[in-house]
Amino acid sequence: MSKLASLSIYDSNFFTSPYPFYEALHQQDLIYVDEANQSYFVGKYDDVDAILKSPVFTTKPLMVRAEPVMGDRVLAQMEGEEHAAKRKLVMRGLAKDYFVNQYEPMIQQITHDLLVPFLSRGKIDLVNDFGRDYAVLVTLGILGLPTENYRDIADWHKGVAEFITHFDQTEQQKAHSLDCSKQLISLITPLVESRRQRPQNDFISMLCGNAEPALNMSTSEITALCLNILLAATEPADKTLAMMIKHLLSEPGALDEVVNDRRLIRDALEETLRLTSPVQLIPREVSEDVCISGNPIPKGAYIYCMIGAANRDPNVFPQPEKFRLERRKNAVQGDAGKKKRHLAFGGGMHMCLGAAFSLLQLEATANIIFDSLRDMRMEHPETYQETGLYTRGPERLALSFK
Ligand code: 2IO
């Protein structure tokens, strides 16, 4: 039986590191409640897993969190046939054969081009010198959007992401985010219209539905879907990459092991997603009175699935605070005999549709980094700091290499 404990998401200790709060949650079997905001923060693996799979917990919070900056509904707000058809269409665009033939060479080129200026210097900040540009360039490449002014696009993306992931935006900051959203929408809208007139062999033309005329999406829906993909593919990518390198450098012998056996990159990525999930929270609204681990929760309350906490549940992940490359092999089995996976990609019908793609993407990039930056070391490891409550990642990752 778990008990309710108060938590303020504005608590500066929570912002500095949520991990001690997760540990207390598991040790004392807690559900956190933020009374002022009628919000419950749930972090037990089995609770989170069940919430994500249940239609009782709706994605209604996205109406206020995401829709204003997306300009229309995002995929996660949809259900039934509409959701299934649109999800399938996007997933087809991200399929493995496209990856091998089109996206992988593009990802390799972007990675290489961004690394080149640093190779002779022997130093790079993997977040600020590489990751930010990398993440947005790859996403623009997938969507077939122009890359000349990608730094502007990166800034607008940042404004949009802040609207969705920051809880304490001032009115002024909100206005800035909405302005960034306007800029992106006016960039993408004419492109959608032109692809509708003259389809090409690209992602947006595919969304315009020449292959799937029955879907008949409006321009604003397609634009919102592009913004959805821009955000979902960009935000977590550089964070995950930098945190993986950080973990490999912090765990004695781990980097060498992976550099010498590249099949282990996949394990390193999965373990990074578990230990330091780039998306920490998934919001839901409960559509009827429910009980979670014995606690009554009223209809209409917000539930934040703390996937970052669920991924450190000691009942599922022994010694959860440790980075272990072999963890996946030894995973705990669930009821159906299936290995219990981390919940960093969410779960249920809205589980990340880019999960497989993102792993292939980061695998391709990590391979090039390992080939190009030999003998990597962390500079000033004591200054390493992660930030963010909703999406979380390192502020910088200063490396030296040969
Ligand atoms: C637009 C939060 C980076 C998604 C999103 C609010 C919907 C959905 C997610 C992820 C990651 C982003 N939610 N991707 O949590 O598309």
Side-chain angles (χ1 to χ4, degrees), residues 41-42 48 51-52 57-79 83 86-87 89-91 93-94 131-132 135-136 138-139 142-143 154 156-167 169 177-178 180-181 184-185 188 203 207 220-243 273 276-285 302-311 342-359 361-362 386-393:
F41 290 80
V42 178
V48 171
I51 291 169
L52 293 173
F57 301 86
T58 74
T59 58
K60 231 169 142 190
L62 294 178
M63 256 168 77
V64 276
R65 278 228 90 82
E67 210 177 314
V69 279
M70 294 285 145
D72 210 326
R73 291 174 310 146
V74 295
L75 267 180
Q77 288 170 271
M78 303 170 192
E79 46 189 58
H83 174 259
K86 292 179 182 170
R87 182 178 165 98
L89 186 61
V90 176
M91 287 186 80
L94 297 176
R132 287 199 211 293
V136 71
V138 170
T139 313
I142 297 167
L143 291 171
W156 298 332
H157 155 264
K158 188 168 165 254
V160 166
E162 283 169 358
F163 185 93
I164 294 174
T165 61
H166 287 197
F167 292 97
Q169 271 197 318
S177 288
L178 288 166
C180 290
S181 145
L184 283 172
I185 290 172
I188 297 171
F203 206 90
L207 295 181
S220 97
E221 271 183 89
I222 296 176
T223 305
L225 197 45
C226 289
L227 282 180
N228 187 174
I229 295 168
L230 178 67
L231 178 81
T234 305
E235 263 294 288
D238 62 314
K239 295 179 168 65
T240 306
L241 183 72
M243 291 190 291
L273 289 167
T276 46
S277 312
V279 180
Q280 291 276 318
L281 300 174
I282 298 181
R284 290 289 185 264
E285 185 178 316
Y302 283 129
I303 313 273
Y304 285 91
C305 295
M306 296 176 121
I307 51 176
N311 288 338
H342 64 74
L343 299 173
F345 289 122
M349 67 183 273
H350 295 299
M351 190 191 141
C352 178
L353 61 74
F357 184 94
S358 69
L359 290 168
Q361 173 190 334
L362 293 179
E386 292 170 5
T387 47
L389 287 181
Y390 194 140
T391 55
R392 188 171 177 82

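Remember, it's 1-based here, ligands and their atoms both numbered in the order they're listed.
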S177 side chain vs G159 backbone, donor-acceptor pair below 3.5 Å: yes
Say whether, by atom type as modelled, one donor and one acceptor occur between the side chain of T165 and the main chain of T391 under 3.5 angstrom. no
Say whether, by atom type as modelled, one donor and one acceptor occur between the side chain of H342 and the main chain of N311 under 3.5 angstrom. no
Residues in salt bridge (charged side-chain N to carboxylate O under 4.0 Å, His left out) contact with R87, at least two apart in sequence or another chain: none
Distances for all N or O pairs of ligand 1 and the protein under 3.5 Å?
from, atom 1, to, atom 2, distance (Å)
ligand 1, 16 (O), N228, ND2, 2.9

Are the side chains of M63 and Q77 in touch, meaning some heavy atoms are under 4.5 Å apart? yes
Tell me if a side-chain donor or acceptor on S358 pairs with a main-chain N or O of A355 at a distance below 3.5 Å. yes
